[in-house]
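Below: one structure, written as structure tokens.
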Amino acid sequence: MLDLRRIRQDPEGILARLRRRNPHLDLSRVLALDEERRELQKQVDEVRRRQNEGSERVAALSKAGDLPERERLLAELKVLAETRKRLEDRLSQVEAELAAELLSLPNVPHDSVPSGTKEEKVVLRVWGEPPRFDFPPQHHLALAQKLRLLDMERAAKLAQSRFPMYVGEGARLEFALLHWMLELHVREHGYIPILPPILANRRSFLVSGQLPKFAEELYHCPADDLFLNPTAESLLANLHNDEILEEERLPLKYVAYTPCFRREAGSYGEEQRGLIRVHQFNKIELFWYITPDRSYQALEELVGHAERVLQLLGLHYRVTLLPASDLAFQSAKTIDIEVWLPGQGAYYEVSSCSNCEDFQARRGNVRYRPKEGGRPQYVHTLNGSGLATSRLFAAILEQNQRRDGTVVLPRVLAELLDRETLG
RNA sequence: GGAGGGAUGGGUGAGCGGCCGAAACCGCCGGUCUUGAAAACCGGUAAGCCGAAAGGCUUCGGGGGUUCGAAUCCCCCUCCCUCCGCCA
């Protein structure tokens, strides 16, 4: 949700910045509705003021015993009440339209975000080097099937295609990864661990930004009007709805584990084979609530926490800055971490770290009381994967594979699983 | 699924047609006292909208209704709690 006052004060400026994201965006309707709303509000306020004055006089006249004057006044007030009703009906209609309009507007890109298309993302840095093989590296799906780590065929019996099922050492590896990442963020990076509900209500997704525009991406349970979470961001963004936090408590840093569910309507292709794009995957999510002055510094820190996972696993990756046109709806700035998958000869996103500034905080009405006093301010929220496995799982197999199709486990995982290799 | 109880400011919680934007307590801020702090005492302290300001208006879970006037009465909904049923 954008700040209406900001739009009103600088409509051209905001529009220009929004159009870096999408040249078709338009503010004229918002501005027109806002003006009508304020005019109606003014009229309603005036009628109410006269009603309030009148009501006080009714009480006074009753006490004084001036009944004829009292009757005359009551008749007058009755007319005012009807007038007000008419104005209020129109006002609430305009308010609803304005709210809908505002909910459909994405966040304004930060000035440090480059313009340009998806392909023009900026590579900020590269860590490590791609492993070299003296044989053609295999796809993780081939490796996983040979090593009996995944059973996609049986998973399809239970659910549908593109729902993965981890079996045997694969299941152990996935569990170990998730637990290890959670502990890393709790013990070394100071996050508060959360194991949230996986289904959440409509408001939660309105706050996070998934709704109203991206409903087709969500699995929906109509009987209860609940949605399966596509990322724990949607859940963690709602932890403090309608609260005023004390500044001393900030930043609040949460780490959650959830499975994530995405309908992936319309996506297809050979590159989506295996664990690259699935309907259900596991993710450790990092989420910050922080004061506005520190949020961009926090974004760098957050990215660092996610990178740490890959560094400890010894996986080659790169960090990219997304251009404005590729930003998620709610994000003002996003930095992606992409891990190298030699089986496909490409980098794939395993973490997307965003500063949503006050976009989600406005929708969730999450504020803080400044230390130095004054009125409550909206917090800034940040989210980032720390990390998404499934893809991480694929990277571990592909980057550490040997000619015979076995996989050498990274040190940390070898200790957790009590074995040096898979296969 | 059935029965009952509840939702009020940063927190606890009173109010049950006009004197209520709302007692009291806690917290927080300022002051007195003190070498300093604590304690004690005194004062202040909700949020939102419009407005340059003065000020006006709104808000006691949400929506609708009764009334000149609703935190307070009526109806609907949501959520929370307790008990019963079912169940990992």
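Proteins get letters first, then strands, A, B, ... in listed order; numbering begins at 1 in each. What's counted below: heavy atoms across the whole structure, side chains too, no hydrogens, waters or symmetry copies. Being a predicted model, the structure only gives us computed values, none of them experimental.
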> According to the Watson-Crick and G-U wobble definition with distances under 3.5 Å, which dot-bracket string, read 5' to 3', encodes RNA chain B, using [ ] for crossing pairs and | for pairs with another strand?
Replying inline: ((((((((.[[[..)..(.....]]]((((((.......))))))(((((....))))).[[[[[..)....]]]]])))))))....

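A search for side chain to side chain donor-acceptor pair (under 3.5 Å) contacts involving S55(A) returns nothing, not counting sequence neighbours. Legend: residues meeting side-chain contact (heavy atoms from CB on, under 4.5 Å) with R203(A), ordered by chain and number and at least two apart, are N201(A), V207(A), N241(A), D242(A). Taking the side chain to side chain donor-acceptor pair (under 3.5 Å) definition, one finds that R6(A) meets it with nothing, sequence neighbours left out.
Straight-line distance between the P atoms of U12(B) and C50(B): roughly 30 Å, to the nearest whole Å. Distance noted for atom P between A70(B) and G31(B): 42 Å (whole Å). Between the P atoms of C25(B) and U45(B), the separation comes to 15 Å (whole Å). Annotation: C86(B) and G1(B) have their P atoms spaced 15 Å apart (nearest Å). Comparing G5(B) with G51(B), their C1' atoms are spaced 45 Å from each other, to the whole Å. Taking atom C1' on both C20(B) and G69(B), the two are 13 Å apart, rounded to the nearest angstrom. With both ends at atom C1', the span from C26(B) to G9(B) equals 13 Å, rounded to whole Å. When the C1' atom is compared between U59(B) and U8(B), the two are found 11 Å apart, to the nearest whole Å.
Under the 3.5 Å distance criterion, with hydrogens and angles disregarded, a donor-acceptor pair is assigned to the side chains of Y317(A) and Q311(A). Between the side chains of E39(A) and Q43(A), at least one donor-acceptor pair of N or O atoms lies under 3.5 Å. Using a 3.5 Å distance cut-off with no hydrogens or angles, the side chains of D89(A) and Q93(A) do not pair a donor with an acceptor.
Within the structure, salt bridge (charged side-chain N to carboxylate O under 4.0 Å, His left out) pairs that include any residue of residues 101-114 of chain A comprise R17(A)-D111(A), R29(A)-E101(A) (at least two apart or interchain).
If you walk RNA chain B from 5' to 3' and mark each nucleotide with an atom closer than 4.0 Å to a heavy atom of chain A, the marks span G10(B) to G69(B).
In this structure, R21(A) and L327(A) approach most closely via the heavy-atom pair NH1-O, 3.2 Å.
Nearest-nucleotide positions on RNA chain B place R38(A) closer to the 5' end than the other of Q51(A) and R38(A). When each of L74(A) and R37(A) is assigned the nucleotide of RNA chain B bearing its nearest heavy atom, the one mapping closer to the 5' terminus is R37(A).
No engagement by K371(A) is indicated, since no non-hydrogen atom pair under 4.0 Å with the nucleic acid exists. Note on R57(A): nothing from the nucleic acid sits closer than 4.0 angstrom, heavy atoms only. Note on I244(A): only backbone sugar-phosphate atoms sit closer than 4.0 angstrom, heavy atoms only; bases stay farther off. Counting any heavy atom pair closer than 4.0 Å across all strands shown, R8(A) reaches sugar-phosphate atoms only and no base atom. As judged by a 4.0 angstrom heavy-atom cut-off over every strand, R84(A) is placed among residues making no nucleic acid contact. At a threshold of 4.0 angstrom between heavy atoms, the contacts of R203(A) with the nucleic acid are absent.
Side-chain contact between L275(A) and L150(A) is present, with heavy atoms from C-beta onward closer than 4.5 Å.
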> Under the side-chain contact (heavy atoms from CB on, under 4.5 Å) criterion, do K121(A) and D336(A) qualify, and how do the steps go?
Replying inline: CA-CA 10 Å; K121(A) 61 185 160 198; D336(A) 273 6; 5.7 Å; no

